[in-house]
Undergrad: 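I am attaching a structure below and will ask some questions about it afterwards.
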Protein chains: 2
Amino acid sequence: MFSLLNMSSAIDPGDLTARATIRNAALRLFAERGPDAVTVREIATQAGVSPALVLHHFGSKDGLRAEVDAFAAHAFDAILEAMPTEELAELLTGGSTRGSLAEAFARGFPPGSPLPAYLRRLLLTNDPAGAALFGRWYAATRRLLDMLVEMGVARPSEDPDVRAAFFLVNDLALIVLRNQIAVAIGADPLTPAGMDRWAREAGIVYAEGAFRAPQKE
Amino acid sequence: MFSLLNMSSAIDPGDLTARATIRNAALRLFAERGPDAVTVREIATQAGVSPALVLHHFGSKDGLRAEVDAFAAHAFDAILEAMPTEELAELLTGGSTRGSLAEAFARGFPPGSPLPAYLRRLLLTNDPAGAALFGRWYAATRRLLDMLVEMGVARPSEDPDVRAAFFLVNDLALIVLRNQIAVAIGADPLTPAGMDRWAREAGIVYAEGAFRAPQKE
DNA sequence: CAGTAGACTAAACACGTGATCAGTCAACCG
DNA sequence: CGGTTGACTGATCACGTGTTTAGTCTACTG
């Protein structure tokens, strides 16, 4: 008897290993609901395999979690590595859209990708990996801002640490409050359309301010 | 024999009912780790009662959760109610600090209060209560911004929906990314000291912008 | 002083969880 | 061909969970 189910390449459309299929299913579920709220049985069902196979491949649920973490971190670094030069170029050419992390993500990931949601979880839990990621992005923002000041493009600040954090978290707010923003403005801010509206307003405020200065000037 | 443990008023310093003690313990634990990650036994231990008493008073864990939700929502509304006039007054008198939700919270809640963390969780989960809260705050922000434009204090925007959302989520970012911000700038942004630094930078950017406008003007 | 109501607890129950185990099957190697 | 390796599964385990039950003790009521 010829068993289709045991041909690992036939488990899922796309010729993926069973391992990869399980990892992808876990990534998607972890991103949406968090690892603690997802059961091994659920992952197995979604991947079309038995629960025991999940632990056969990854040792334990925590092992799977670690592997998914590493996979996601790798994907994020790939995005981040391709960004700063591109972002800088856009900024210096005075392009219409301001360089931003959220924007880079919207461009770098396919529309249905679970990675933005995964990133969100990483930043919001007390995960050390999330803290490390935030730290690297903060340092990059800080450096970029210093560079822009030196170039005369950005005005200097008395408290550059806070200003860099201000810009970074305003940007990340798009990712972490995505759903709330979507219902408020009637458009997903991580799609190109929503992103355009957002970038235009942010760009204006960052360039000109939003209030008529009451006492200064 | 005289039993101290059964005198409800002696269970906890502060003359609280056992019910209130349990509710407070649950609020604190829910805020820190989320309701799903907290066990009934844990709440009971922290409150100094038996696990069965928790369910005796609240029917079920979900019942307790609902009661804690209602309690927190009530506290938030109280803060929100006292804010807009005060905020408006500060704004119109040209006070040093810009009116903001995060600021109002830092002023309105004692330093160790679990309510900011609870609010954070409410906004970040897909909880309908959180969506409702965000919706009300968004409407208030939108109205305030319109009013300021009408008064000539704020510059009009082509996309006021997005601009209001932009201001609101920048503000809420202080609450949802509090920990990451704290390690980045070296100060908890929800304490008066950290809040001052943050408000100063935000105020400057919102008033004057941060970049030298490249093409406009 | 009975007697009832309610705060409170110890013990146990039903169930879903992550994990283990023994075993089947296909592929590969000598 | 015989034998070993490894992907894969069904059955089962130990355990923590929310909840229930039976019962104790105190305070109040007539």
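In the text below, chain A, chain B and the rest are named by the order of the sequence lines, each starting its count at 1. Here the structure is a predicted model, which means the values were calculated and not measured.
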Undergrad: Within the structure provided, determine whether A:Trp198 and B:Val169 are in side-chain contact (heavy-atom separation under 4.5 Å).
TA: yes
Undergrad: Within the 4.0 Å limit for protein heavy atoms, which parts of nucleotides 16-23 of chain C are touched? Write it as a string from 5' to 3', B for base, S for sugar-phosphate only, - for none.
TA: -BBBB---
Undergrad: Centres of the A:Tyr206 and B:Tyr206 rings: under 6.0 Å?
TA: no
Undergrad: Between B:His56 and D:dT20, does any side-chain N or O lie under 4.0 Å from OP1 or OP2?
TA: no
Undergrad: Distance check needed: D:dT19 P versus B:Leu53 CG, whole Å only.
TA: 15 Å
Undergrad: Is there side-chain contact between A:Arg142 and A:Pro160, with heavy atoms separated by less than 4.5 Å?
TA: yes
Undergrad: Would B:Phe76 and B:Phe71 count as a ring-ring contact (aromatic ring centres under 6.0 Å, His included) if you check the C-alpha gap in whole Å, the side-chain angles of each, and the deciding distance to 0.1 Å?
TA: CA-CA 9 Å; B:Phe76 292 147; B:Phe71 177 79; 9.6 Å; no
Undergrad: Once you round it to whole Å, what is the distance between C1' of C:dC8 and CZ of B:Arg19?
TA: 15 Å
Undergrad: Taking CD1 from A:Ile43 and P from D:dT9, how many angstroms apart are they, rounded to a whole number?
TA: 15 Å
Undergrad: Given A:Asp69 and A:Asp127, is the side chain to side chain contact (heavy atoms under 4.5 Å, CB included) satisfied, shown in steps?
TA: CA-CA 10 Å; A:Asp69 268 348; A:Asp127 196 309; 4.1 Å; yes
Undergrad: For B:Phe30, does the six-membered ring have the charged nitrogen or CZ of B:Arg121 within the cation-pi criterion, i.e. under 6.0 angstrom from the centroid and within 45° of the normal?
TA: no
